[in-house]
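Here is the structure we will look at, set down as structure tokens.
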Amino acid sequence: MDVITGASGHLGNTLLRELAAAGRTVKPLFRSPPSFEMPDGVTPYYCDPEEPDALAQAFLGAETVYHTAGFVSFALNS
């Protein structure tokens with residue numbers, strides 16, 4: 001099973017669709033419900049990535065973890 005953090009972002013969403021299309025078992029992680037439809041056979045998994053115990057549960061059985069979560073800001077620092 002492949003776990004993807006940040007599955008709601010551009011990179012995570014693209015990876016999710018590619019892995020699912022390749023027939024992989026995918027567990028995408030979300031903080032809140034996604035704004036897009038899941039690929040066939042994929043169920044979203046909800047957890048807070050800032051909670052170590054929640055992540056440990058999410059990663060159980062994972063063969064590969066793709067960490068694509070991150071904070072993006074377009075603010076300029078002066």
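The hydrophobic cluster containing Tyr46 also contains Phe36, counting ILVMFWY residues as joined when their side-chain heavy atoms lie under 4.5 angstrom apart, directly or transitively. Taking hydrophobic clusters as Ile, Leu, Val, Met, Phe, Trp and Tyr residues chained together by side-chain heavy-atom distances below 4.5 Å, Val65 does not share a cluster with Phe30.
In this structure Pro49 satisfies the side chain to side chain contact (heavy atoms under 4.5 Å, CB included) test together with Arg31, Leu55, sequence neighbours excluded.
Lys27 contributes a side-chain N or O that, together with a main-chain N or O of Ala58, makes up a donor-acceptor pair within less than 3.5 Å.
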Exercise. Going through the checks in order, is the side chain to side chain contact (heavy atoms under 4.5 Å, CB included) test met by Phe59 and Met1?
Worked result: CA-CA 9 Å; Phe59 295 160; Met1 170 186 39; over 6 Å; no

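Between Met38 and Pro44, some side-chain heavy-atom pair lies under the 4.5 Å cut-off.
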List the atom pairs, with distances to 0.1 Å, where a side-chain N or O of residues 2-25 and a protein N or O form a donor-acceptor pair under 3.5 Å, not counting sequence neighbours.
from  : atom 1 : to    : atom 2 : distance (Å)
Asp2  : OD1    : Arg24 : NH2    : 2.9
Asp2  : OD2    : Arg24 : NE     : 2.7
Asp2  : OD2    : Arg24 : NH2    : 3.3
Thr5  : OG1    : Tyr66 : O      : 3.4
Thr5  : OG1    : His67 : ND1    : 2.8
Thr5  : OG1    : Thr68 : N      : 3.0
Thr5  : OG1    : Ala69 : N      : 3.4
Asn13 : OD1    : Arg17 : NE     : 2.8
Thr14 : OG1    : His10 : O      : 2.9
Arg17 : NH2    : Glu37 : O      : 3.0

